[in-house]
Amino acid sequence: AGPSEIIITTTSWLAGAIHSLTWNGREFIDSADHGRQLQSAANFDAGTRFTPETFNPTEAGSRFDGAGPKSTSVLRALTAKGNVLSTDNQMAFWLRPGEKSGGNLAKNKTLLSNHQLKKIVRIGAHGLPHAIGYDVTFTIPKEEHHRYAQFEVVTGYMPSEFSKFHAYDLKAQKLLPLSDGPGEQSHPVILSTPDAKHAMGVWSPAQPSKGFKRAGYGRFRFKAQKVVKWNCVFRVTHPKELPTGEYSYPCYVLVGSLKNVTDTMSELYRRFARKNN
């Protein structure tokens, strides 16, 4: 990708979640514990009032795993060949039974969930060297009952040097200033270094979720932890009960300079617009 390869590294202690992504002499991921990776997670209401993290299957492991060498999540299969990484993961719950998040008690009764996560990561997707295809399939098990699902299809925790937050208006092909939030809005998010020489962004042709037109792309700055984060989130609701089974979402993670990222995002947008017309 221009002056450098994009190199992705995963590790057994994260059950196949992405521990490192480097390009042109820079590390893009702040992998300090079992939550700060390039990875996926999901949150559910478990048939009651929704509270964040209380029924939260997470690819890399649980909060209790901390910075330790083992993950509560289980890697079922991994294939890495050429520019493609495929993994099959049984996700741990973020909280252990009895733990709390934000004052709310965990709803899960086990450490390990029955939620399966499959991902296919392709560097140089569609012949675009700065585009990483990131296709994720979540499986809601048959024995569970939910009315609301929040799928964090992909999130990236990045070093604090990526301090400039941008939204990208794809129709106008224009960068927009973006506050720290925290939270979501409807434009794709890009985080860059102040000199614009290194940036990472996310876009999905499947956004937005039905009924959530003003959400989808989040950004967060955690000053105390010296880390920043972006994500791509989909939501599904049902008045009675969500169907169990597979929920699949395509995303693209863009890596390079800020110009590389916006140019590649625009090209992807054009290609999908042509395909759908």
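Please read all numbers here as calculations on a predicted model, not as lab measurements. Position 1 is the first residue of the sequence, and the numbers go up from there.
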Should Trp13 and His34 be marked as a ring pair (Phe, Tyr, Trp, His ring centres under 6.0 Å) after you check the CA-CA gap, both sets of side-chain angles, and the distance that decides it?
CA-CA 9 Å; Trp13 69 272; His34 284 74; 5.0 Å; yes

Taking Thr9 for its side chain and His19 for its backbone only, find out whether a donor-acceptor pair lies under 3.5 Å.
no

With a 4.5 Å limit on heavy-atom distance, are the side chains of Met200 and Leu191 in contact?
no

Parallel, tilted or perpendicular: which describes the rings of Tyr252 and His126, with under 30° parallel and over 60° perpendicular?
tilted

Between the side chain of Asp169 and the main-chain N/O of Ala172, is any donor-acceptor distance below 3.5 Å?
yes

Gln207 side chain vs Trp203 backbone, donor-acceptor pair below 3.5 Å:
no

Parallel, tilted or perpendicular for Phe162 and Phe28, by the 30°/60° rule?
tilted

Determine whether a donor-acceptor pair (N or O, by modelled atom type, separation under 3.5 Å) exists between the side chain of Ser71 and the backbone of Ala60.
yes

Quick check against the 3.5 Å criterion: does Asn83 have a side-chain atom that pairs as donor or acceptor with the backbone of Ile123?
yes

Could you tell me whether Lys229 sits above the aromatic face of Phe220, with NZ or CZ closer than 6.0 angstrom to the six-membered ring centre and within 45 degrees of the axis?
yes

Assign the ring pair Phe151 / Phe44 to parallel, tilted or perpendicular, where the plane angle (0 to 90°) is split at 30° and 60°.
perpendicular

What I'd like to find out is whether the side chain of Phe222 reaches to under 4.5 Å of the side chain of Pro182, using heavy atoms alone.
no

Taking all atoms of both residues into account, what is the closest heavy-atom pair of Lys142 and Thr244, and its distance?
CA-CG2, 3.8 Å

Exam field: side chain Asn89 to backbone Glu59, donor-acceptor pair closer than 3.5 Å
yes

Flag this pair as yes if the NZ/CZ of Arg235 is under 6.0 angstrom from the six-membered ring centre of Phe212 and inside a 45 degree cone about the axis; otherwise no.
yes

